[in-house]
Every structure is written in structure tokens, then in C-alpha cells.
Amino acid sequence: MLDRKFIIENIQAVKQNCQNRNVNIEIDRLVELEQRRKKLLQEIEVLNRKANETAKSIGKAEASQRQAIIEEGRKLRQQKEASQKEHDRIEAETLEIQRVIPNMAHKAAPIGVDDKANLEIARGSTERTTFDFPVLDHVELGEKHDLIDFAGGARVAGHGFYFLKGAGALLDMALQHFAIQFLSEKGFIPTLTPDLARTEIMNGIGFMPRGPETQIYSIHETDLNLVATSEITLGGLHQGDVLAAEELPLYYCGLSHCYRTEAGAAGKASRGLYRVHQFTKIEMFAYTLPEQSDKTLEYLRSLECEIFDQLKIPYRVVDTATGDLGGPAYRKYDLEAWMPGRGEEGEFGEVTSTSNCTDYQARRLNIRYKNKGEKGTHFVHTLNGTAIATSRAMIAVLENYQQADGSILVPDVLQPWIGQKKIG
RNA sequence: GGAGAGGUGGCUGAGUGGCCGAAAGCACCGGUUUGCUAAAUCGGCGAAGGUGUCAUAACCUUCCGCAGGUUCGAAUCCUGUCCUCUCCGCCA
């Protein structure tokens with residue numbers, strides 16, 4: 001959520017930003033409403049003050065006078081209520097508009113209406129593998145070595161679910177271990193988070209569980225929803241808190257299962273593990289001071305690169321275009337790993353995503369910080385980034401590490417967790 | 001899941017309709033005094049948002065888990081909700 005004052009003072013910039021992000025929002029309406037609201041608020045405060053004074057005087061007044069003063073107080077309250085009601089109505093409408101305005105985008109973010117405008121800015125240190133044999137995709141590899149059982153998953157929970165078996169299960173957990181150890185050595189706090197969260201928290205992070213076209217599974221007759229990422233729980237962790245400036249930046253590394261309905265994704269249906277309803281993800285989440293967040297985004301990206309460099313998986317880094325940014329993001333980088341079995345002759349596929357959400361989420365969740373000895377508080381900045389989403393990372397590992405004899409080598413850094421050098 | 005108790009300022013804790021933004025103690029800050037790893041004594045001391053000022057000052061609003069309601073007036077009464085504790089049940 002953008003600051004209202006900021007919107008009013010930067011109408012043109014906000015409008016331009018909406019256009020760049022390919023969303024249509026009635027900024028003018030918001031401005032007009034806010035002006036009316038402010039005027040009403042002043043009226044209300046005057047009436048309220050008078051009513052308070054009147055109420056206070058009753059206790060001290062003589063019995064004979066009381067009835068008249070009570071009458072006076074009642075009248076003032078009624079007047080106030082009328083104005084208040086109008087104010088609240090305007091406030092609600094304003095907030096509705098304000099909440100859907102996306103975050104401002106970073107000046108350097110490529111401008112464009114969709115992902116076609118995304119800009120490749122770097123490559124990983126691992127060269128793209130060349131194969132002198134017909135490559136299999138991860139579905140075929142999984143079947144060959146009995147690693148992934150999609151039919152079983154469908155039988156139990158429907159399309160989009162799967163069982164990981166044998167070395168497939170071990171590989172998934174090895175990826176988790178690897179990412180958690182990597183990050184905890186960097187000072188991130190390893191965290192196991194709830195897999196469910198209240199609607200209020202989901203909204204604060206920028207997911208709309210009960211809205212149309214939601215990606216979120218909700219639990220019937222409760223206020224709980226299955227999380228789509230531990231970004232939700234790690235961001236919700238400090239809802240309403242006032243953090244001390246000196247404890248920032250605060251780095252968490254969260255492990256959760258992630259559940260996504262993928263509603264409306266039918267057209268983009270992908271084979272195998274690429275787009276599934278449940279996967280496991282190690283997520284980085286940072287709370288920072290405003291002046292730290294630009295640098296922190298680069299830091300999170302560098303960690304993602306390091307992880308995939310250590311896994312020796314070829315990838316490219318993409319600077320996300322304005323139209324492809326999620327609402328809360330100010331700037332976003334994706335890592336796209338080379339997936340040799342994807343498409344006709346291999347394609348890059350998104351494996352991580354890191355965003356600087358500046359104070360957009362913090363404002364919704366009311367997460368602030370305080371400088372020691374200073375009065376007042378400020379909103380923190382929040383950032384998130386994928387360390388490893390196991391399903392997609394697994395695609396990259398299986399497909400890049402396949403050998404001519406049909407076996408699959410295990411990346412060096414994962415071997416300690418799996419206890420074998422190759423699969424099959 | 002059932003029954004009960006409770007959520008008050010940095011902490012402990014009093015407060016059942018107006019004199020309560022809230023006693024008292026601890027902690028903290030400042031003064032005095034005696035002196036030496038502290039005691040006595042006096043004074044000060046909640047937060048957020050806003051108006052205002054060069055800056056102070058001053059002022060306003062809101063806040064006793066959270067959200068509503070009753071009332072001229074709510075920490076106090078009512079409803080809902082979240083959380084904590086105790087007992088019972090169930091259980092990895």
C-alpha cells in the first residue's frame with residue numbers, strides 16, 4: 001500500500017507507474033475523496049472535543065442542571081455520528097482504491113506491459129551442458145528411476161499432486177538441507193513456519209485469498225488459508241511490531257510447504273513438476289531500514305546465484321519488467337535455470353524470484369521501526385527471495401545432470417545429504 | 001473439543017460507569033545527602049497519530065488484547081473475536 005500523502009503529492013508519478021504496470025486505477029477519484037475526508041475529519045474533531053468537554057462537565061454539575069447538559073451532549077454526539085458515518089464511508093472507498101494501487105517501481109526496472117519486456121542481465125558461472133544423446137525431461141527421468149509418481153498423486157489428491165519416492169524424496173530433502181545450511185551460515189535465522197495463515201495476514205502480504213482468481217486454497221468455515229510461500233508467514237511474523245532500528249536488517253530463512261490452486265493457469269499448463277499444487281520452498285525474508293533495501297535486494301540475488309552456482313546449474317538472471325511485477329514489488333529479479341528437457345530443445349524456466357517490496361507490505365501489516373532516543377516510528381522495508389523451490393530446482397538438477405547411460409549424477413554439494421553419487 | 005480463570009503503561013499489579021491516561025511498587029532519568037561496588041530522600045517518567053514552531057513550547061485526537069455495541073460519558077456494562085493459563089477429553 002502506498003502512503004496516501006505520497007499519492008496526493010505525486011499524482012502524475014503514481015498514474016504513470018500504474019500505466020507502466022498495466023493496471024488501471026482511478027487515482028483522481030482517490031484524490032477527490034481524500035480531500036473530502038480531511039474536511040470531514042476536522043469537523044468531527046471539533047464536535048468530538050465539544051462532546052467530550054460536555055460529558056466531563058456532567059459529573060461535576062449540580063443535579064438540577066444535569067438533564068440539560070445531558071441533552072446538549074446527546075445532540076453533539078448525534079451531529080458527530082452523522083459526520084462520522086459519512087467520513088467512514090469515504091474512508092472505506094478510499095482505502096479500497098488505495099489498497100489496489102501497486103507499489104512504485106524502481107527507476108531502473110525495465111518498462112513493459114508483460115514478461116516479454118524482462119531484461120536478461122547476467123548468466124550463472126556454469127556453462128550450458130551439451131548432450132550428445134537424446135535428452136529426457138524430468139518426467140521421463142522420474143519415471144525411469146521411480147522418483148516421481150504423478151499417477152499416485154492424482155489418485156490421492158488430483159491433478160497437480162505427486163509422490164516423491166526413493167532418491168526423488170532424498171533429492172528433495174537434500175535440496176532443503178543444502179539451502180538451509182547455506183543460509184544459516186550466512187546468518188539467516190532458520191525457521192519452520194505454519195503452513196496456514198489467517199486471511200488478514202495473507203492480504204497484508206499482498207495475496208487475496210477470498211478474491212476472484214485467487215491462487216490460494218482456503219479452509220472451509222475457518223479464517224485459515226494454506227500458504228503459497230513462507231513469505232506470507234515470515235512477513236506476518238512481525239505484524240504490528242515496532243522493531244528497534246539497531247536489530248535491522250533482520251534475516252529469516254523459512255521452510256514451508258507451498259500450496260497454489262493455479263486457477264486460470266490451464267492455458268499455461270506445464271508438464272510434470274513445473275506447475276504443481278504443492279511444493280516445498282526455502283524462502284529468504286528480510287526486514288530492513290529503508291536505506292538498506294536496495295543493497296539487500298542485490299544481496300539476496302547474489303545468494304540465489306551462489307546457490308545455483310554451487311549446484312552447477314546454468315541459469316540467467318532477469319530484471320523483471322514493470323508490467324510483470326507483482327503489486328507489492330518495487331523491483332524484482334528472477335533466476336531462470338536452463339531446463340534441457342523443457343520445450344523442443346530446452347528452455348529457461350523460472351526457479352527463483354527476489355523482490356524488494358519497500359514499505360508496501362509493512363504499511364499493510366503495520367510493521368515499523370524506531371530509532372533509539374528518537375520520537376516516532378517509520379515503516380520497515382521488506383524483501384523476499386527464493387532460496388530453493390524444490391520442485392523446480394529438481395527439474396533443473398534431473399535434466400542437467402542426466403548421463404548418456406540414463407543415470408543421473410548427484411550435484412557435489414548434495415551428495416553428503418543423499419549419500420550417493422548418482423541415481424540409477 | 002468441553003469447563004473455568006484471565007489479558008491494564010518497560011515489568012509487577014490496583015482499579016466494576018464521571019474525580020482514570022490510569023494507584024502503588026520495581027526499573028529508568030535528574031537533584032540533595034551520606035558516602036562507596038550502595039542506602040536515604042525529593043522530583044520527573046506511557047505510546048501512536050495530527051495541528052503548530054526555525055526549534056522548543058503549546059494544543060487536539062486515539063489507545064487498558066482486538067473489533068463492535070449500550071451511554072451525555074466505558075479500563076469498568078453487553079456481544080463477537082484472538083491469545084494465555086488451569087482442569088478434563090483426544091492425540092503424533
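In what follows, chains are A, B, ... by sequence order, proteins preceding strands, each numbered from 1. Side chains are part of it too, since the values below use all heavy atoms of this structure and drop only hydrogens, waters and symmetry mates.
Spacing of P atoms, B:C19 relative to B:A38, comes out at 42 Å, to the nearest Å. Taking the P atoms as reference points, B:U61 lies 15 Å from B:G73, given to the whole Å. Look at the C1' atom in both B:A57 and B:A5: the space between them is 48 Å, to the nearest Å. Spacing between B:C63 and B:U8 at atom C1', rounded to whole Å, works out to 12 Å. To the nearest whole angstrom, the two P atoms, one in B:G44 and one in B:G25, are 13 Å apart.
Across all strands shown, B:C90 remains unpaired; no Watson-Crick or G-U wobble contact has both distances below 3.5 Å. Searching all strands for a Watson-Crick or G-U wobble partner of B:U79 with both distances below 3.5 Å returns B:A67. B:C20 is unpaired under the criterion used here, namely a Watson-Crick or G-U wobble arrangement in which both key atom distances are under 3.5 Å. B:A74 makes up no base pair with any nucleotide shown, lacking Watson-Crick or G-U wobble contacts both under 3.5 Å. Pair check for B:A57 finds none; no Watson-Crick or G-U wobble contact set falls under 3.5 Å.
By the ring pair (Phe, Tyr, Trp, His ring centres under 6.0 Å) test, A:His159 pairs with no residue at all, sequence neighbours left out. Evaluation of the ring pair (Phe, Tyr, Trp, His ring centres under 6.0 Å) rule for A:Tyr287 yields A:His238, A:Phe285 as partners, not counting sequence neighbours.
With hydrogens and angles ignored, the 3.5 Å screen pairs no side-chain donor or acceptor of A:Asn10 with any backbone N or O of A:Ala13.
The interatomic distance linking A:Leu243 (CG) with B:A47 (C1') rounds to 16 Å, in whole Å. Atom CD1 in A:Ile44 sits about 17 Å away from atom P in B:G50, given to the nearest Å. Atoms NE2 (A:His378) and P (B:A48) sit 10 Å apart, rounded to a whole Å.
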>> Each nucleotide in nucleotides 61-83 of chain B should get exactly one letter: B, S or -. Can you fill that in based on protein heavy atoms under 4.0 Å?
In response: SS---------BS--------SS
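Checked for salt-bridge contact, A:Arg198 and A:Glu200 miss the test: no charged N lies under 4.0 Å from a carboxylate O. At a threshold of 4.0 Å, the pair A:Glu86-A:Arg36 counts as salt-bridged, since one of the basic side-chain nitrogens sits closer than that to a carboxylate oxygen.
When all heavy atoms are compared, the tightest approach of A:Gln292 to A:Pro249 is NE2-CD, 3.5 Å.
Nucleic acid contact for A:Ser57: none, since no nucleic acid atom lies under 4.0 Å from a heavy atom of the residue.
In this structure, the ring of A:Phe279 has its center no less than 6.0 angstrom from the ring center of A:Tyr274.
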